[in-house]
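These figures come from a predicted structure and were not determined experimentally. In this chain, residues are counted from 1 in sequence order. Side chains included, hydrogens not; waters and symmetry mates left out as well; all remaining heavy atoms used.
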Amino acid sequence: MTRLLEYIGEAAAALWRNRTRSILTMLGMIIGTASIIAVFGISRGATSGIAATFSSFGELPIIAAVDSTQDYPAQAQMYYRDATQVRAELGGLADYVFPYDDRKWQVRYGDKRDYEDVQSDGDRFDTGALSEGRHIDLADVQSAAHVAILTPDVEKALFGNAPALGKEIRINGSSFIVIGVYSPLSGSFFNNNVGSNSVAVPYSAMHHLDPGPIDNLLVYPARASEADEVIAATKKALQHIHGAKAQYFIQNGAAQIQTFENVLAIIATGLAAIGGVALVVAGIGIMNIMLVSVTERTREIGIRKSIGASRNDIALQFLMEALLLSLAGGGTGMLLGLLFTIGGAQIISKTIGTVIIPYVLIVSLAIAFSGAVGMLFGMYPAWRAANMNPIEALRS
């Protein structure tokens, strides 16, 4: 151990004597490591934030909608009664089926009114976390109860800072009691795309307000592994009801989220690969400067060998210098990458909500990559120095 520390000290002294050259050599490592850490950290954080937000919606269903590009879309139009028939035909494949509608209706409380997205909801699966109140239950659905759950923006628009729970509002002219308020969605991305101004009511109550065709049919598989089978069975059931020519667009909500996360992972991998190219270039730079160092110190190598230094001693000395160059550049790049990651995470958190950055994994990867580059690209110069003929080295 003492001998190894001596080699480290000698390597550090040699690099310090040529510090300007050493710093320029480390720039490639700094840039490559910083870029990989920033891309990896931010992408992992973004993926975790998206996954956490979607998981707060509860279990995601299979969504069936009429294919509007078919020749006779009116023939394929779905109705409230279809939910019961599809549920019966799916049998044990489906855990729950309910009709879904989304209407732009006037929501009013006292003299305050606004047009909001009024959406139908079921009783078996929580479709979002609540900050207060309760979800729609089976009794609400069976009795077509006029109860509603508001998003925070709707609560604020209608009630200001006053509590909404238990208050009576009017939706499309009908009276409803507020039984719950959703928790705020984290991030502007989900507020803008998922919807921050909406009201949920039992789908049976929605049917009473609008008994016409429905927008979608939501099917919850009994087992997630059988989603593809449920999709095929749902299409078959709808065609049995509306005719073989009826065409439907059926998608798996959970699979869509997984696809989205996979796309993010692929993009992150591609960007990290670009940073990896920078690391390879940095490694070649380290190899080049170490070869120059071997040439410059040929006489020193000859003297060392003449007084008893072994090949391993010479190789270890130069390998240690390459490793120190790589680790110093990688360490500096790691610090810069962490700063970029922290800054990027703060920006992303405003868009998609709280993100989780795996800092321990990032630091471990940075150290591992830096050490690997130093060892890999320092081996040839070290081998060349170790195998130098001492007599020819002394003559040079």
Would you say that Met290 contacts Leu325 through its side chain, given a criterion of any heavy-atom pair below 4.5 Å between the two side chains? yes
Could you tell me if the side chain of Tyr380 sits less than 4.5 Å from the side chain of Leu291, heavy atoms only? yes
Please check: side-chain N/O of Asn288 versus main-chain N/O of Ile284, any donor-acceptor pairing under 3.5 Å? no
Which word best sums up how the rings of Phe176 and His146 line up, parallel for under 30°, tilted for 30 to 60°, or perpendicular for over 60°? parallel
Can you tell if the side chain of Lys156 reaches within under 4.5 Å of the side chain of Asn161, non-hydrogen atoms only? yes
Gap between atom CD1 of Ile62 and atom CG of Asn216 - 0.5 Å precision: 13.0 Å
What distance do Ile31 atom CD1 and Thr332 atom OG1 have between them, rounded to the nearest 0.5 Å? 12.0 Å
Strictly distance-based, threshold 3.5 Å: is any side-chain N or O of Ser174 a donor or acceptor partner for the main-chain N or O of Arg170? no
Is the Tyr220 ring parallel, tilted or perpendicular to the Tyr96 ring (thresholds 30°, 60°)? tilted
Are Ile367 and Val280 connected into the same hydrophobic cluster when the rule is that any two of I, L, V, M, F, W, Y join if their side-chain heavy atoms are below 4.5 Å apart? yes
Under a 4.0 Å N-O cut-off, is there an ion pair linking Asp67 with Lys235? no
OH (Tyr359) with more than 12 external heavy atoms under 6.0 Å: yes
Shared hydrophobic cluster, Ile23 / Met29 (ILVMFWY, side-chain heavy atoms < 4.5 Å): yes
Any heavy-atom pair between the side chains of Val118 and Val201 that's under 4.5 Å? yes
With the side chain counted from C-beta on, respond yes when Met78 and Pro99 share a heavy-atom pair under 4.5 Å apart, and no when they do not. no
Sole candidate of Thr151, Val107, Ile171 that passes side-chain contact (heavy atoms from CB on, under 4.5 Å) when paired with Glu116: Val107
Interatomic distance, CE@Met375 vs CD1@Ile286, rounded to 0.5 Å, equals 12.5 Å
List the steps and the verdict of salt bridge (charged side-chain N to carboxylate O under 4.0 Å, His left out) for Arg134 and Asp140. CA-CA 11 Å; Arg134 64 175 179 85; Asp140 296 326; 2.7 Å; yes
Lys167 vs Tyr109 side-chain heavy atoms within contact, under 4.5 Å: yes
For ring pair (Phe, Tyr, Trp, His ring centres under 6.0 Å), just list the numbers for Phe98 and Tyr100, CA-CA rounded to whole Å, side-chain angles, deciding distance to a tenth of an Å, and then say yes or no. CA-CA 6 Å; Phe98 79 86; Tyr100 176 82; 7.1 Å; no
Heavy-atom distance under 4.5 Å between the side chains of Leu217 and Tyr248, does that happen here? no
Rounding to 0.5 Å, atoms CH2 (Trp105) and CG (Leu209) come to a distance of 4.5 Å
Is it true that a side-chain atom of Arg304 and a backbone atom of Ser306 form a donor plus acceptor pair closer than 3.5 Å? no
With a 4.5 Å cut-off on side-chain heavy atoms, are Pro213 and Gln77 touching? yes
Could you tell me whether Asp215 and Arg103 have a side-chain N and a carboxylate O separated by less than 4.0 Å? yes
Rounded to the nearest 0.5 Å, what's the gap from CG on Leu165 to CD1 on Ile179? Could you check? 8.5 Å
Okay, side chain of Ser204, backbone of Val141: is any donor-acceptor separation there less than 3.5 Å? yes
Do Gln75 and His242 get their side chains close enough for a donor-acceptor pair, meaning under 3.5 Å? no
Distance in Å, Ser131 OG paired with Tyr182 OH, rounded so as to fall on 0.5 Å steps: 11.0 Å
Any donor-acceptor pair under 3.5 Å linking the side chain of Ser293 with the backbone of Ile289? no
Heavy-atom donor-acceptor pair, Thr341 side chain to Gly41 backbone, under 3.5 Å: no
